[in-house]
Q: 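One structure, as structure tokens, below. Some questions next.
Chain letters run A, B, ... following the sequence lines, proteins first, then strands; residues in each count from 1. Since the structure is predicted, the reported quantities are computational estimates derived from the model, not experimental observations.
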Amino acid sequence: MLSFYNQLTGKKERFESLVPKIVKMYVCGVTVYDYCHIGHARSALVFDVIRRYLEFSGYQVEFVKNFTDVDDKIIKRANEQGVSCETITAKFIDAYDTDMGRLGIKRATKEPKATEHMAEIIELVDRLMQKGLAYEVAGDVYFQVDQYQAYGRLSKRKLEDLQAGARVEVDERKRHPMDFALWKSSKPGEPSWDSPWGPGRPGWHIECSAMSIKHLGETFDIHGGGMDLIFPHHENEIAQSCGATGKEFARYWIHNGFVQINQEKMSKSLGNFFTIREIFEKSKWPEAETGEMLRYFLIGTHYRSPLDFSDKSIEEAKNALNGFYDLFKRLKESEYRATADEGMIEAIERCKVAFREAMDDDFNTPVAIAELQRLKSDINKFMGQGLSTEARKIARVEFQLLGNNLGLLQFEKWQFVGKSRSGGIVVRPGTASLTITTFAPTVTVGQVSPETELSNEQIEQQIAERLDAKKKKNFAQADEIRKSLASHGIIIEDKPDGTSRWKR
RNA sequence: GGCGCCGUACCCAAGUGGUUAAGGGAGCAGUCUGCAAAACUGCGAUGCAGCGGUUCGACCCCGCUCGGCGCCUCCA
């Protein structure tokens, strides 16, 4: 039985969907005014894995992930560049799709945009006005926080506490300092829509309420996003939605932890972030492999814990994944013995159970991965005893099936070709706190191997020559070829039958 | 000021009131191999920041201390 931590209740709870076999899930996407960084990648990935696992568990998942395409930052960016907001948003939505695609993140079933839901947004604001939960001041509409008794139930804060520490200047026109904008009157030159309160645009929080209600209904199962959205964004969404409908909004709330650099939150204001595309561009590995390494690294830590990004962690992920792909390569080789077939089947069954237990327990991906590692090790042992060709195929399929939950182990093989070897990611730590705030992280060359690439044909040619030398017991020459290939990053593995396999 | 999180071996990282504290990476030793690689085997925290307390028993519960961080403002 699946259970996971519900931020709303502050406890790990057994999950039961509102409608049997169907899960309705809404996740806050991004504001499209810039390229996504690894923090965005983590969030998208966490919910991608959750979605995959829910599907694996037999649910049909209605997964809505929005794009915020009306916002101050977008307007600012458009003005800076002298282009329209649409130009900016179209560009970064496109970039989002590309970057997330490279990480193997599946598309949501619906990806609504705020600008396409003005009617629903206005209607929702109007409902709140009708109910006396909102008020208008000179074309702006605010939600009146103290009219919603349960305000603070998600973030576990009291209205009084919030006021005490408020660092923002209080807008005198508000009835309560924490009241937030549902509708903002537009200034000249800003995107605007007609409304009962004059031309304007929606506040940040209302779009998510409007879109989730429209696409998933007034009450739905799961709402997710980054930790930082708990307050005020999600708190406000709850207030607006419940206020308007009088019903429960999302029943389970899931929030992912941050990606950090040198123990600090990765953020634009600290200037310590890496964009996803910059990592792909600077990676010394091909795109598909880089994507899988990143994925492995990002889900190697439980989704609610912080995780520190570094070049070393990517390298570790690569080495860990290599173990699987090395095994897969050997699983493809034929064998007539079936000595250990039975044991292998047992091991696979054990792994399946353990894998599910791990994922059922608050989506514990690190443990799920550990189970796959254990299976890898088991199968290596069985292979030494003798696994039939059929058993080998079964093993490969099982890795693929379980790995699919994590979006891992789906490739036929890892192929380190077609990309120049001149990248690598290095995270340079700041030396003092003062440095860190102004520190711009650099993505630079890691391990440089300036050797020119060899084509597969060239490599095969060399290996044939070496084989020949070996047959003639000319080991000196054979070793010479091995050394030469090694200098190009090619590793040769001799098989028992005298032939060789190789890898980059 | 309010709310909250974290501190597990060289590194990453699970975990739990009572088995041998998962798994990975790196390292070392061995088996195998013409050499090598891979694989396999073994080694690696008498201890889970520190100090107290509760308990028959705590890494896990409580308190304090030290260290690091997050939210309360746009933020994945």
Q: Base contacts versus sugar-phosphate-only contacts with protein, heavy atoms under 4.0 Å: please encode nucleotides 19-25 of chain B as B, S and - from 5' to 3'.
A: ---BSBS
Q: A/F399 and ring pair (Phe, Tyr, Trp, His ring centres under 6.0 Å): which partner among A/F328, A/F355, A/Y325?
A: A/F328
Q: Take A/V259 and A/K381, find for each the nucleotide of RNA chain B with the closest heavy atom, and name the residue whose nucleotide sits nearer the 5' end.
A: A/K381
Q: Regarding A/E292 and A/R295, does a basic nitrogen lie under 4.0 Å from an acidic carboxylate oxygen?
A: no
Q: Go through B/A76, B/C71, B/A14 for me and flag the one nearest to the A/V30 side chain.
A: B/A76
Q: On the side chain of A/R42, is there an atom forming a donor-acceptor pair with the base of B/A76 - under 3.5 Å, no angle test?
A: no
Q: May I ask you to say what A/F258 touches in the nucleic acid, namely base, sugar-phosphate or nothing, with a heavy-atom cut-off under 4.0 Å?
A: base
Q: Assert yes or no for the condition that the ring centre distance of A/H255 to A/H234 is strictly below 6.0 Å.
A: yes
Q: NA contact type, A/H37, heavy-atom cut-off 4.0 Å: base, sugar-phosphate, or nothing?
A: base
Q: Rounded to whole angstrom, note down the P distance from B/A29 over to B/G44.
A: 16 Å
Q: For B/A14 and B/U54, measure between their C1' atoms and round to the nearest Å.
A: 27 Å
Q: Tabulate atom names and distances for all N/O pairs under 3.5 angstrom spanning the protein and nucleotides 5-8 of chain B.
A:
none

Q: Please classify the nucleic acid contact of A/D71 as base, sugar-phosphate, or nothing, using heavy-atom distances under 4.0 Å.
A: nothing
Q: Are A/D71 and A/R77 within salt-bridge range, i.e. N to O under 4.0 Å?
A: no
Q: Give me the distance, rounded to whole Å, that separates B/U19 from B/C71 when you measure between the P atoms they each carry.
A: 39 Å
Q: With rounding to the closest Å, how many angstrom separate the C1' atoms on B/U46 and B/C32?
A: 35 Å
Q: OP1 or OP2 of B/C40 less than 4.0 angstrom from a side-chain nitrogen or oxygen of A/N380, does that happen here?
A: yes
Q: Could you check whether A/R157 makes a cation-pi contact with A/F231, meaning its NZ or CZ is under 6.0 Å from the centre of the six-membered ring and within 45° of the ring axis?
A: yes
Q: Just compare B/C71, B/A38, B/G15 and give me whichever is closest to any side-chain atom of A/K503.
A: B/A38
Q: In this structure, is the centre-to-centre distance between the rings of A/F297 and A/F309 below 6.0 Å?
A: yes
Q: Roughly how far apart, to the nearest Å, are B/C43 and B/G4 at atom C1'?
A: 41 Å
Q: Please state how far atom CZ in A/R482 lies from atom C1' in B/C35, giving the value in whole angstrom units.
A: 6 Å
Q: Is the distance between the ring centroids of A/Y252 and A/H223 less than 6.0 Å?
A: no
Q: With rounding to whole Å, what would you report as the distance between B/G30 and B/C35 at their P atoms?
A: 14 Å
Q: Consider the side chain of A/D479, meaning its heavy atoms from C-beta on, and name the nucleotide among B/A13, B/G34, B/C71 that approaches it most closely.
A: B/G34
Q: Take atom P in B/U16 and the same atom in B/C56, then report the distance between them in whole Å.
A: 24 Å
Q: Could you spell out the base pairing of RNA chain B in dot-bracket, with Watson-Crick or G-U pairs whose two distances are under 3.5 Å, [ ] crossing and | to another strand?
A: (((((((..(((.....[....))).(((((.......))))).....(((((..]....))))))))))))....
Q: Within 45 degrees of the axis of the six-membered ring of A/Y5 and under 6.0 Å from its centre: does A/K12 put its NZ or CZ there?
A: no
